[in-house]
Visitor: 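Please see the structure below; I have some questions.
Values reported hereafter were calculated over all heavy atoms of this structure, with side chains retained and with hydrogens, waters and symmetry mates removed.
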Amino acid sequence: MIVLAGAVLGAFIGAATARRHRGQRLDMLQYGAGFAIAFALLGLFLTILLERLL
């Protein structure tokens, strides 16, 4: 669940970042995808860390 939440949050943050820089629709999609991948990876590492500790 942490991975999915990270991906969704990253997509929203990426799209908002592109919109703030006055990007077009494809820019927002690209930023959203990049941020979603990055946040999902962070969520994956966090999930693995929590599983190992608990």
Visitor: Sort out for me which residue in L44, L42, L41 forms a side chain to side chain contact (heavy atoms under 4.5 Å, CB included) with V3.
Guide: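 Passing option: L44.
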Visitor: For F39, is the CZ atom crowded, meaning more than 12 foreign heavy atoms sit under 6.0 Å from it?
Guide: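 Buried by this count: over 12 neighbours within 6.0 Å.
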Visitor: How long is the straight-line distance from CE of M1 back to OG1 of T47, given to the nearest 0.5 Å?
Guide: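 One finds 10.5 Å between OG1 of T47 and CE of M1.
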Visitor: Nearest heavy-atom pair of G23 and M28: which atoms, and what distance?
Guide: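 Closest approach of G23 to M28, heavy atoms only: O-CE, 4.0 Å.
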Visitor: Just verifying a value: how many Å separate Y31 OH and H21 NE2, rounded to the nearest 0.5 Å?
Guide: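 Interatomic distance, Y31 OH to H21 NE2, rounded to 0.5 Å: 6.5 Å.
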Visitor: For the residue pair A7 and A36, what are the closest heavy atoms and their distance?
Guide: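 Taking A7 first and A36 second, the nearest heavy atoms are O-CB, 3.3 Å.
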Visitor: So, taking the atom named OG1 in T17 and the one named CZ in R20, what distance separates them when rounded to the nearest 0.5 Å?
Guide: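 So the OG1 of T17 and the CZ of R20 are separated by 4.5 Å.
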Visitor: Please list, chain by chain and in numerical order, all residues satisfying side chain to side chain contact (heavy atoms under 4.5 Å, CB included) with L50, sequence neighbours excluded.
Guide: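 L50 satisfies side chain to side chain contact (heavy atoms under 4.5 Å, CB included) with I2, L46 once adjacent residues are dropped.
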Visitor: Output all residues satisfying side chain to side chain contact (heavy atoms under 4.5 Å, CB included) with V8, sequence neighbours left out; order by chain, then residue number.
Guide: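 Once residues adjacent in sequence are excluded, the partners of V8 under the side chain to side chain contact (heavy atoms under 4.5 Å, CB included) criterion are F12.
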